[in-house]
Amino acid sequence: MPELPEVETTRRGIEPHVLHRRVQGLTLRRADLRWPFPETLQQLVGERITAVERRAKYLLLHTRRGAALLHLGMSGSLRIVDTALPPRLHDHVDIVLDDGRALRFNDPRRFGALLWQAAGEVHPLLQALGPEPLGPGFSGEHLFALSRGKRSTVKVFLMDQAVVVGVGNIYAAESLFRAGIDPRREAGRVSRVRYGGLADAVRDILAHAITRGGTTLRDFLNPQGEPGYFEQELQVYGREGLPCRVCGTTLRHVTLGQRATVWCPRCQR
DNA sequence: CATCGGACCTGTTAGC
DNA sequence: TGCTAACAGGTCCGAT
């Protein structure tokens, strides 16, 4: 479900409700999601949440002793609920707060994660990540430098979280369309100038999608239960066989890196 | 090393 | 209407 804009929308949605609250308890209705919940996660209980951070597609609930590290996987979502509200199917975890409410983690496919990062440490999962696309470390020059000699396609390259974080299947397709680059093109054979355009496209599209509350295709809702509105602005994702909104050419489909890819054969070269 | 494919799961939808 | 197969927003890990 969530790429960077949806995770950031989730972060903004929960922050006012969990920041400065004390964690009163942890309800684990199963032993694992993608990985087992670690024993160390119990350190969260009794601590006050001092910051709610997003890094890549991870969320971190910081406390004095460390941080709860969450990933929503493909189908995860967070809601703020009254503790008395009975859990629904796939409501696997409650982080119970000191105001009678809880942060409730639902994840049907269970590709998500809930782990613990000790204070002063960086969790191994966060160590090999590339720069934030909306931060200062991301640029066309960065993409150009990392792509030299790369034989994989530019779309697979752009979705590599070691290159730049947060860009998943939707926003990779949309960014390449905006930049006019054929997603099948070899990453090492895209020019410096065109990577400049691609970096601009990634930044603009992600920032704009955040203002729209993310993309809701089937089930993404923010913590208040509202959908995102960027879906209405998608140019290529999910539009295989439909006319390009710019030139009218029928959009084509190809599978790259085992992911559905749609592009305009006229606008993207 | 870089690259590729499989694996992890359930729910929804397209197709017969 | 019912059954089955394909596909879905992610990403780790092992094989090549």
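Letters A, B, ... are given to chains in the order of the sequence lines, protein chains preceding strands, and every chain is numbered from 1. Note that the structure is a prediction, hence the values are computed from the model and not measured.
With sequence neighbours excluded, no residue satisfies ring-ring contact (aromatic ring centres under 6.0 Å, His included) with Y237(A). A search for salt bridge (charged side-chain N to carboxylate O under 4.0 Å, His left out) contacts involving R11(A) returns E8(A), E15(A), not counting sequence neighbours.
Rounded to an integer number of Å, the gap from H253(A) NE2 to dA8(C) C1' is 12 Å. Between L126(A) atom CG and dC12(C) atom C1' there is a gap of 14 Å when expressed in whole angstrom units. Here the C1' atom of nucleotide dC12(C) and the CG atom of D32(A) are 15 Å apart, to the nearest Å. Rounded to a whole Å, the CD atom of Q258(A) is 12 Å from the P atom of dG9(C). Atom CZ in R110(A) sits roughly 17 Å away from atom C1' in dT11(C) (whole-Å rounding). Rounded to a whole Å, the CZ atom of R109(A) is 16 Å from the P atom of dC12(C). Distance CE (M159(A)) to P (dC12(C)): 13 Å, rounded to an integer number of Å. Computed from coordinates, the R259(A) CZ to dA6(C) C1' distance equals 15 Å when rounded to whole Å.
Outside the 6.0 Å centre-distance limit, the rings of F105(A) and H92(A) are not counted as a close aromatic pair.
Note that OG1 of T249(A) is 13.0 Å distant from CG of L242(A), once rounded to the nearest 0.5 Å. Annotation: the span from R252(A) atom CZ to C264(A) atom SG amounts to 10.5 Å, rounded to 0.5 Å. In this structure, CG in L198(A) is found 11.0 Å from OG in S139(A), a value given to the nearest 0.5 Å. To the nearest 0.5 angstrom, W116(A) atom CH2 is 9.0 Å from L61(A) atom CG. Between R178(A) atom CZ and D200(A) atom CG the span is 9.5 Å, to the nearest 0.5 Å.
Looking at residues 141-154 of chain A, you'll see K150(A), R151(A), S152(A) sit with a heavy atom under 4.0 Å from some atom of DNA chain B. In the region residues 229-240 of chain A, proximity to DNA chain C at under 4.0 angstrom, judged on heavy atoms, holds for Y237(A).
Looking at heavy-atom distances under 4.0 Å, R34(A) makes contact with a base. Within the 4.0 angstrom heavy-atom criterion, only backbone atoms of the sugar-phosphate kind lie near Q161(A); the bases stay farther away. At the heavy-atom level, Y58(A) lies under 4.0 Å from the strands shown only through sugar-phosphate atoms.
Using P as the reference atom, dT4(C) and dC9(B) are 22 Å apart when rounded to the nearest Å. Using atom P as the reference point in both dC12(C) and dG11(B), the two lie 24 Å apart (nearest Å). Rounded to the nearest Å, the gap between the P atom of dG5(B) and that of dC7(C) is 15 Å.
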Original post:
Checking salt bridge (charged side-chain N to carboxylate O under 4.0 Å, His left out) for the pair R54(A)/E132(A): CA distance, chi angles, key distance, verdict?
Top reply: CA-CA 10 Å; R54(A) 178 191 58 74; E132(A) 288 289 329; 2.9 Å; yes

Original post:
For R64(A) and E47(A), what are the C-alpha separation, side-chain angles and deciding distance, and is it a salt bridge (charged side-chain N to carboxylate O under 4.0 Å, His left out)?
Top reply: CA-CA 7 Å; R64(A) 191 179 46 88; E47(A) 289 301 310; 3.0 Å; yes

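Looking only at atom types and distance, the side chain of H20(A) has no donor-acceptor partner in the side chain of R48(A) under 3.5 Å away. Donor-acceptor pairing under 3.5 Å is recorded for the side chains of E233(A) and H208(A). Donor-acceptor pairing under 3.5 Å is recorded for the side chains of D107(A) and S75(A). For the 3.5 Å distance criterion, the side chains of T215(A) and Y171(A) qualify, holding a donor opposite an acceptor.
Comparing dG9(C), dC12(C), dG10(C) by their nearest atom to the side chain of H71(A) picks out dG10(C).
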**OP:** Toss me the dot-bracket line for DNA chain C: Watson-Crick and G-U wobble, both under 3.5 Å, 5' to 3', using | for pairs to another strand and [ ] for crossers.
**Re:** .|||||||.|||||||

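Along DNA chain B, read 5' to 3', the first and last nucleotides having any atom under 4.0 Å from a heavy atom of chain A are dT3(B) to dG11(B).
Nearest heavy atom pair, residue A67(A) against residue L60(A), reads CB-CD2, 4.1 Å.
The ring of F111(A) lies on top of the base of dG10(C), close enough and flat enough: under 5.5 Å between centres, under 30° between planes.
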